[in-house]
Enquirer: 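Sharing a structure, written as structure tokens. Questions coming.
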Amino acid sequence: MTNEQIARQLEQIALLLQVEDANTFRIRSYERAAEAIRGLGEELSVLRHAEGGLEALPGIGEAIAQKIEELLDTGELTYLRELLAQYPEGFLELLRIPGLGPKRAALVFHELGVGTVDALEEACIREQVRELKGMGAKSEAKLLDAIAKYWQGRERALLGDMLPRAEEIVGFLRGLDAVIAADYAGSARRGRETVGDLDVLASSKDPAAVCRAFAEAGILAEVELAGDTKVSGYLPGGRQVDLRVVEPESWGAALVYFTGSQQHNIRLRERAQARGLRVNEYGVYREPAEGDEALGEPIAGETEESLYAALELAWIPPELREDRGEIAAAAAGELPELIEPADIRCDLHMHTRYTDGRASIAELAEAARARGYTHIGITDHSASLYVADGIAAADVGRQREEVDALNARFDAEGADFRVLLGHEVDILADGALDAGEETLALVDYVIGAVHQGMSADADRMTARVIGALASGHVDMFAHPTGRILLGRDAYGLHVGEVVAAAAEHDVALEINASPDRLDLSDVHARLAVERGVRLCINTDAHALGHLEFMRFGVITARRGWVPPEVVINTWPLPRLLEWLTARRSGCS
DNA sequence: GCCGTTTTCGGCCCGACTGTTTTCAGTCG
């Protein structure tokens, strides 16, 4: 039972309790617990044995701890099963229709016997929904529209696909005369690995003009709503975009508000409340005296910094705003110094035409130089990876010669740039490395990776990986969990044990920056940092354009509270070589 | 259901929009 599976079951309880009109704070407890679990790098099956047990985890008390224990022991949760038993199969799906919240779900279920999306659609078509209390023809039509959009499938999109589109929109807005400031907000600004809708924010003295210009710009394929402060619509392809425009004095407060996360905002407002303040999307206000209604003038809100300062907090980078302890850290002045894109000096995982890459070594080197890097590492696939046209052992020798010649040329030209030769070696099903001693001796470093036999169970896979890390031959471990976002689940792996092994043997764990991997994930990266493991952010480039992926790796690292010094590709080349040499001589 | 340098009991975020209402419930972010 994985953390994600447990989080989902707690979330289902929260949803069903809403339908039953339970105490909202009880509901929130389940929601918070689910989110808290998603933020854990370590598996609950391990944490239950840690000091203090599950109840030591923030957001998890006696009742939820017991439920987690039951799930871990039996794979089942009696309480959830009993809640679910009252409804037909598919009822939870019904709650995912926008516009149909828990109250209306209860209404259609109890009055019409509707318990699935199909049944709801039919009831709308038969005009039964409009007869219900508080509903009408318009609500019915909206539900039908929402169901149609639901069937089209609006699953989340990759950050890597959505960020460029968000930046285009922001670029357009910043070009408007009436716009003072513009930025994207929401989960895209927090850098979440996948994004649902795009939230875009602008400030202006004339919000209506900005809204008009955006609605008419042709960026949206369909404009759903165009008011004086808000425009909503869909990009070509169906992704929803919400633009909101605020007055300049509310810019910072609105940016915090629309960046979220929801749980982060709730924490901020709780903190405000304890100080006799109130926070909303327009600013920070003093709580009015008894009997007084008006809020008066805001005391902060023009910038994000002013809002956080009013709550006696340091400004919190958006990537950290997930209610994972960032507010306590900001209050204590203990926010981490986060890695920045400019800290990156190299890219140590890239493929060439020797295998399944599309560029040559020299082309990759030039592209990296143009980005301001001082070195790179070429790491083509080892021989047994047939699907990626793994490199023959003899060709590693040719690569060595090509790299040496290239470096000699850089030296001759006085260029401060160096190409290292690495090798992405498969960790075979039996844990052996897919490379002989001769090949290993030719290269400057080795990346270990799993590309085959991924269906092994977690215990076996973990032993296999740890065996490779302990061999002394592996300097880095690439895309550690093998997940493909929106594609393939991670293979079973006890990440906590692998992190411990990486710490013990001083192997760097990769944050693979490819937008469909981002592996390690943010929470696993944070676990690695806490356990003293070095990290390496690599693009795994198979083409020149892929060097751009580095930013997504850096964003993921920032979400994992990663400081620059633990990331080996922030190091100057001599330090990197020193570390590799020490590793190879077995001293480290 | 969780949590505590104001509390082990009594608190627990905030506002906008919509459609349905004669003053507000439900939903959303």
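Chain naming here is simple, since letters A, B, ... match the order of the sequence lines and numbering starts at 1 in each.
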Enquirer: Provide the closest heavy-atom pair for A:P515 versus A:F552 in the form atom of the first, atom of the second, distance.
Expert: CG-CD1, 3.8 Å
Enquirer: Could you state the atom-to-atom distance from CD of A:Q18 to P of B:dT27 in whole Å?
Expert: 9 Å
Enquirer: Among the candidates B:dG29, B:dC12, B:dG15, find the nucleotide nearest to the side-chain atoms of A:R278.
Expert: B:dG15
Enquirer: Between atom CD of A:Q66 and atom CD1 of A:I60, what is the distance when rounded to the nearest 0.5 Å?
Expert: 13.0 Å
Enquirer: Considering only atom P, compute the distance from B:dA16 to B:dT21 and round it to an integer number of Å.
Expert: 24 Å
Enquirer: Quick one: A:K142 NZ to B:dG26 P, roughly how many Å, whole number?
Expert: 17 Å
Enquirer: Looking at B:dG1, B:dG15, B:dT27, which one has an atom nearest to any side-chain atom of A:I64?
Expert: B:dG1
Enquirer: Once you round it to whole Å, what is the distance between C1' of B:dG15 and CZ of A:R244?
Expert: 11 Å
Enquirer: Determine the interatomic distance between C1' on B:dC12 and the same-named atom on B:dC17; round to the nearest Å.
Expert: 25 Å
Enquirer: What does A:I27 touch in the nucleic acid at a heavy-atom separation under 4.0 angstrom: a base, only the sugar-phosphate, or nothing?
Expert: nothing
Enquirer: For B:dC12, take OP1 and OP2 only and decide whether either is under 4.0 Å from a side-chain N or O of A:T24.
Expert: no
Enquirer: Checking only heavy atoms, does the side chain of A:Y282 share a donor-acceptor pair with the base of B:dG15 at less than 3.5 Å?
Expert: no
Enquirer: Using atom C1' in both nucleotides, what's the gap between B:dC14 and B:dT8 to the nearest angstrom?
Expert: 29 Å
Enquirer: Rounded to whole Å, please give me the gap between CD in A:Q273 and C1' in B:dG10.
Expert: 13 Å
Enquirer: Nearest whole angstrom, please: distance from the C1' of B:dA16 to the NZ of A:K230.
Expert: 8 Å
Enquirer: For the pair made of CZ in A:R271 and C1' in B:dC14, what is the distance, rounded to whole Å?
Expert: 18 Å
Enquirer: Heavy atoms under 4.0 Å, any strand shown: does A:Y257 hit a base, just sugar-phosphate, or nothing?
Expert: base
Enquirer: Answer with base, sugar-phosphate or nothing: what part of the nucleic acid does A:A137 contact at a heavy-atom distance below 4.0 Å?
Expert: sugar-phosphate
Enquirer: By nearest heavy atom, map A:T229 and A:S29 onto DNA chain B; which one lands nearer the 5' end?
Expert: A:S29
Enquirer: Would you call A:R48 and A:D73 a salt bridge, taking side-chain N to carboxylate O under 4.0 Å as the test?
Expert: yes
Enquirer: What heavy-atom pair brings A:P563 and A:V529 nearest, and what distance separates the two atoms?
Expert: CD-CG1, 4.0 Å
Enquirer: With a 4.0 Å cut-off on heavy atoms, is A:G227 in touch with a base, just the backbone sugar-phosphate, or nothing at all?
Expert: nothing
Enquirer: Of the options B:dG29, B:dG1, B:dG26, whose atoms approach the side-chain atoms of A:K103 most closely?
Expert: B:dG26
Enquirer: Between A:R267 and A:E270, does any NZ, NE, NH1 or NH2 come within less than 4.0 Å of an OD or OE carboxylate oxygen?
Expert: yes
Enquirer: Using 4.0 Å as the upper bound for N to carboxylate O, is an ion pair formed by A:R483 and A:D519?
Expert: no
Enquirer: Any pair with a residue in residues 170-216 of chain A that passes ring-ring contact (aromatic ring centres under 6.0 Å, His included), sequence neighbours left out, goes on the list, sorted by first then second residue, please.
Expert: none
Enquirer: May I ask you to say what A:R104 touches in the nucleic acid, namely base, sugar-phosphate or nothing, with a heavy-atom cut-off under 4.0 Å?
Expert: sugar-phosphate
Enquirer: What integer distance in Å separates A:E270:CD from B:dG1:C1'?
Expert: 14 Å
Enquirer: Identify, between A:E62 and A:L225, the residue whose nearest nucleotide on DNA chain B lies closer to the 5' end.
Expert: A:E62
Enquirer: Rounded to whole angstrom, note down the P distance from B:dT20 over to B:dT27.
Expert: 14 Å
Enquirer: Closest to the A:N280 side chain: B:dC14, B:dG26, B:dC12?
Expert: B:dC14
Enquirer: From B:dC12, B:dC2, B:dG29, pick the nucleotide closest to the side chain of A:Q262?
Expert: B:dG29
Enquirer: If you compare all heavy atoms of A:I219 against all heavy atoms of A:P236, which two are closest, and at what distance to 0.1 Å?
Expert: O-CD, 3.7 Å
Enquirer: With both distances kept under 3.5 Å, what pairs with B:dT8, Watson-Crick or G-U wobble?
Expert: none
Enquirer: With the side chain of A:E281 defined as its heavy atoms from C-beta on, choose the nearest nucleotide among B:dG15, B:dG29, B:dG19.
Expert: B:dG15
Enquirer: Rounded to the nearest angstrom, tell me the gap between atom CD1 in A:I13 and atom P in B:dC2.
Expert: 11 Å
Enquirer: Are A:E216 and A:R212 within salt-bridge range, i.e. N to O under 4.0 Å?
Expert: no
Enquirer: Within residues 128-135 of chain A, which residues have any heavy atom lying less than 4.0 Å from an atom of DNA chain B?
Expert: A:G134, A:M135
